[in-house]
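Chain naming here is simple, since letters A, B, ... match the order of the sequence lines and numbering starts at 1 in each.
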There are 2 protein chains.
Amino acid sequence: MKTIIDIARAAGVAKSTVSRYLNGGSVSEETREKIEHIIKQHNYVPNTFAQSLKAKKTSIIGTIVPRLDSFAVSQTLMGIDEELRDRQYQLLISSANQDMNREIEEIYALARQKISGLLLMAAQITEQHLKAIRECRIPVVMIGQQHSLLHSVVHDDFHAGYMMGQHILNKGHRRIAYLGVTEQDIAVGVKRKEGFRKALGEHKDCEVRYYESGFRMNEAVAAAERLLEDWVPTIIVCATDNIALGVMKAAFLKQIPIPSGISVTGFGGYDVTEIIHPALTTVKYNYKRAGKLAAENIISLVNREPVEMVTILNCEIIGRESVDNLQGRII
Amino acid sequence: MKTIIDIARAAGVAKSTVSRYLNGGSVSEETREKIEHIIKQHNYVPNTFAQSLKAKKTSIIGTIVPRLDSFAVSQTLMGIDEELRDRQYQLLISSANQDMNREIEEIYALARQKISGLLLMAAQITEQHLKAIRECRIPVVMIGQQHSLLHSVVHDDFHAGYMMGQHILNKGHRRIAYLGVTEQDIAVGVKRKEGFRKALGEHKDCEVRYYESGFRMNEAVAAAERLLEDWVPTIIVCATDNIALGVMKAAFLKQIPIPSGISVTGFGGYDVTEIIHPALTTVKYNYKRAGKLAAENIISLVNREPVEMVTILNCEIIGRESVDNLQGRII
DNA sequence: CTGAAAGCGCTTACAG
DNA sequence: CTGAAAGCGCTTACAG
């Protein structure tokens, strides 16, 4: 391994000059060329540990994700990865494995690694999160959730819910079950539902009941089974595509055909929703783009450039076969 | 931020003594307790950059994955993450984004980060991979593919194929299409097929045709459509669950019911295969366990402990509804 | 524009 | 068992 000293010697200059060249300081045209040439020739790459130790900063962006096995997370990470790579930043991924305490721990752990910025995907922000962020003094961009004290990139969950509400009303549904998730998750548990509720509020003649499920498919199967014992609506609107998949399973198990026996919708736009049969009506989220924007924003923040507090991304409703058209039919 | 100097002063010893304490050198019981106490009190954590710079090694394990949005990759990463965390190693994930040149680049890039071990998930190993590994002098454990020169943790693809062959023969299938992938991927493209072929070779009375598809679901849809124009078998055995999902989609599009019109199987055991309808017959792979074992092995290698060249993991066949039982029926 | 010097926070022989 | 010293490979004021 070559060091800066080797390069300096070979170029006949002091190592401080090489360092200046490396860091964009003032170097004469002549020495610039000389150093450039030598570096290429020797295939020299600066030792990042020495740099970080001395400069007391790194070009690492940490990302805390709730879990690794999620379509939304994977897509978001791909967007982050792409942007950071382009901008010469390094990505450090850390999974909290669905454990909120681990999220907090990871903030401290990443701070110890001297990351210069943090991308945070968390279902909710507690006082402990804020305390950790404050203590570590790291710039943060949240993804998927909004918080008054933090910068964020979010999807337009409220509008997504609203669009879904309008869509199914247009299809003639009036006996409607909404299978949501915990309200501790503001984006998924509250906003989607509120948008949905607003759309339905504009119609007087429909009956809506709200239910709750866990995020995992098997939890959704169980929740749907309970729901269907309680009541048989014409449609079940699910807060996520995963939950919708679980509901479809439950319907099949009960021999209720989709969509003729019951309609189902999701949110997310996972690839698999297009492949299954019947294809699932859903709202497509721009996860990858969210990742990319969050990465751009955190870089700006690291460089002390101004960044809007919240960036809201569009969603798009995709009507497919899992919703029956009841319009004009007598139910 | 406290440094080793602060601790040394507070404890009334030299910093070399503190360092020795930190690294398990010989320290008297008395000073050990004193230092321990001070460290806790000051909440001291050593600066990893300084450590790495001086010691010229890290406790980082790099992992190169082909892509992030894959069930197999996510599960494997979860296994790796868990084990590494338990053993106090740090995980650095790097995605090659389906680009083999990027794989090579990432090997060099990770070497520059001074990772002490590399976990490699790659579809094939070329001379360039070997060159990079040689030049960087990093211990490597491959996951999912075998190579005579490298340590590896693999799934028993041959046996998986064999079990699948037996399974569908038992179900009475005799007109069989195998929808595989490129043979450049030894594990998925060659071994599964060879195992399958062996099982079928034990039966004289069946007709098998081999086809090829890409890995993505939409590529599989197209491949299945071509296949079905060419020939209508009683079953399509697919080299991965994703391909099987694509084939199911194609069958639905052609209004061929599954399994009564055609049977379909996959390999992998993705969660979604259980949720869709009909549920998919597949071979369940232990991705998470593979990750865990690979992590154990790379740690052993880093510590210069002996490790078997290849670890083979069991798979398990899961018969579900997507395969029709033709036994005893007249076709 | 350029170089000598100090120092980032550690570890590691080496003496005692 | 313990401490003083050298040094890992850089960056950054400071003089010139």
Side-chain angles (χ1 to χ4, degrees), chain A residues 1-39 42-60 88 90 109 111-116 137 302-303, chain B residues 1-39 42-60 88 90 109 111-116 137 302-303:
Chain A
M1 277 286 102
K2 303 288 174 189
T3 74
I4 200 172
I5 280 275
D6 300 317
I7 302 306
R9 279 206 194 109
V13 296
K15 62 178 180 169
S16 35
T17 306
V18 177
S19 175
R20 235 178 284 114
Y21 165 84
L22 254 21
N23 296 291
S26 51
V27 181
S28 76
E29 192 47 38
E30 199 189 352
T31 41
R32 177 185 307 284
E33 275 168 18
K34 207 159 46 183
I35 295 174
E36 195 167 353
H37 178 241
I38 301 277
I39 284 183
H42 287 242
N43 219 279
Y44 166 71
V45 189
N47 179 314
T48 46
F49 297 121
Q51 289 181 311
S52 306
L53 174 58
K54 184 68 229 206
K56 290 182 174 296
K57 60 167 193 174
T58 65
S59 51
I60 306 173
Q88 317 265 44
Q90 236 236 295
R112 256 178 260 131
Q113 317 269 341
K114 308 283 187 292
I115 58 168
S116 45
R137 301 161 171 279
V302 166
N303 296 321
Chain B
M1 277 286 102
K2 303 287 174 192
T3 73
I4 200 172
I5 280 274
D6 300 317
I7 303 305
R9 280 206 194 110
V13 297
K15 60 178 182 170
S16 35
T17 306
V18 178
S19 176
R20 232 178 285 115
Y21 164 84
L22 254 20
N23 295 292
S26 51
V27 181
S28 75
E29 191 50 34
E30 198 188 350
T31 42
R32 177 185 306 284
E33 275 168 18
K34 209 160 42 181
I35 294 174
E36 195 167 353
H37 178 241
I38 300 277
I39 284 182
H42 288 240
N43 218 280
Y44 167 70
V45 190
N47 179 315
T48 45
F49 297 120
Q51 288 181 312
S52 305
L53 174 58
K54 185 69 230 208
K56 290 182 175 298
K57 61 168 191 171
T58 66
S59 51
I60 305 173
Q88 318 265 46
Q90 236 237 294
R112 257 178 261 132
Q113 316 269 341
K114 308 281 187 293
I115 57 169
S116 45
R137 304 160 168 280
V302 166
N303 296 322

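A sub-4.0 Å separation between OP1 or OP2 of C/dC1 and a side-chain N or O of A/Ser26 is present. At the phosphate of C/dT11, OP1 or OP2 sits under 4.0 Å from a side-chain N or O atom of B/Asn23. Residue B/Ser16 has no polar side-chain atom (N or O) positioned under 4.0 Å from OP1 or OP2 of C/dT11. Regarding contacts with the backbone of C/dT11, a side-chain N or O of B/Gln51 is found under 4.0 angstrom from either OP1 or OP2.
Residues A/Glu36 and A/Tyr21 have side chains in contact (heavy-atom distance under 4.5 Å, counting atoms from C-beta outward). A/Pro46 has its side chain within reach of A/Gln51: a pair of non-hydrogen atoms, C-beta onward, lies under 4.5 Å apart. The side-chain heavy atoms of A/Ile60 and A/Gln113, taken from C-beta on, include no pair separated by under 4.5 Å.
A/Ser52 comes within contact range of no nucleotide atom at all, as no heavy-atom separation falls under 4.0 Å. Among the heavy atoms of the strands, none lies under 4.0 Å from B/Tyr21. Here B/Thr3 lies in heavy-atom contact (under 4.0 Å) with sugar-phosphate atoms only. Within 4.0 Å of B/Thr48, counting heavy atoms only, lies no atom of the nucleic acid at all. Base contact: A/Lys15 has a heavy atom under 4.0 Å from a base atom. Within 4.0 Å (heavy atoms only), A/Ser28 reaches sugar-phosphate atoms of the nucleic acid but no base atom.
The CG atom of A/Leu22 sits 10 Å away from the C1' atom of D/dC10 (whole-angstrom rounding). C/dC1 atom P lies 14 Å from atom CD of A/Glu33, rounded to whole Å. Taking atom CZ of A/Arg112 as the reference point, atom C1' of C/dG9 lies 17 Å away to the nearest angstrom. If you take CZ of B/Phe49 and C1' of D/dC10, they are 13 Å apart, rounded to a whole angstrom. Atom pair A/Lys2:NZ and D/dG9:C1' shows a separation of 15 Å (rounding to whole Å applied). Between the CD1 atom of A/Ile7 and the C1' atom of C/dT2 there is a distance of 18 Å, rounded to whole Å. If you measure from atom NZ of B/Lys114 to atom P of D/dC8, you get 14 Å, rounded to the nearest angstrom. If you take CD1 of B/Ile35 and P of D/dC1, they are 12 Å apart, rounded to a whole angstrom.
Of the candidate nucleotides D/dC10, C/dC10, D/dG3, C/dC10 has the atom nearest to the side chain of B/Asn47. Considering only the side chain of A/Arg20, C/dT2 comes nearest among C/dT2, D/dA6, C/dA6. Of the candidate nucleotides C/dC10, D/dT11, C/dT12, C/dC10 has the atom lying nearest to any side-chain atom of B/Ala50.
Mapped onto DNA chain D by nearest heavy atom, B/Lys56 and B/Glu29 fall at different nucleotides, with B/Glu29 at the one closer to the 5' end. Along DNA chain D, the nucleotide nearest B/Thr31 and the nucleotide nearest B/Leu53 are compared for position; the residue whose nucleotide lies closer to the 5' end is B/Thr31. Closest-nucleotide positions on DNA chain C for A/Val13 and B/Pro46 were compared, and the one nearer the 5' end corresponds to A/Val13.
Just one of B/Asp6, B/Ile35, B/Ile7 meets the side chain to side chain contact (heavy atoms under 4.5 Å, CB included) condition when paired with B/Tyr44; it is B/Ile7.
Shown here, D/dA13 forms no base pair; nothing in the strands shown gives a Watson-Crick or G-U wobble contact with both key distances under 3.5 Å. Pairing for D/dA4 is absent, with no Watson-Crick or G-U wobble pair whose two atom distances lie under 3.5 Å.
One N or O donor and one acceptor, one from the side chain of A/Lys54 and one from the base of C/dG7, sit under 3.5 Å apart.
Enclosure of atom NE2 in A/His42 by more than 12 non-hydrogen atoms of other residues, nucleotides or ligands within 6.0 angstrom is indicated.
Remark: the backbone N or O of B/Arg20 is not paired with any side-chain donor or acceptor of B/Asn23 at under 3.5 angstrom.
Donor-acceptor pairing under 3.5 Å is lacking for the side chains of A/Ser16 and A/Ser19.
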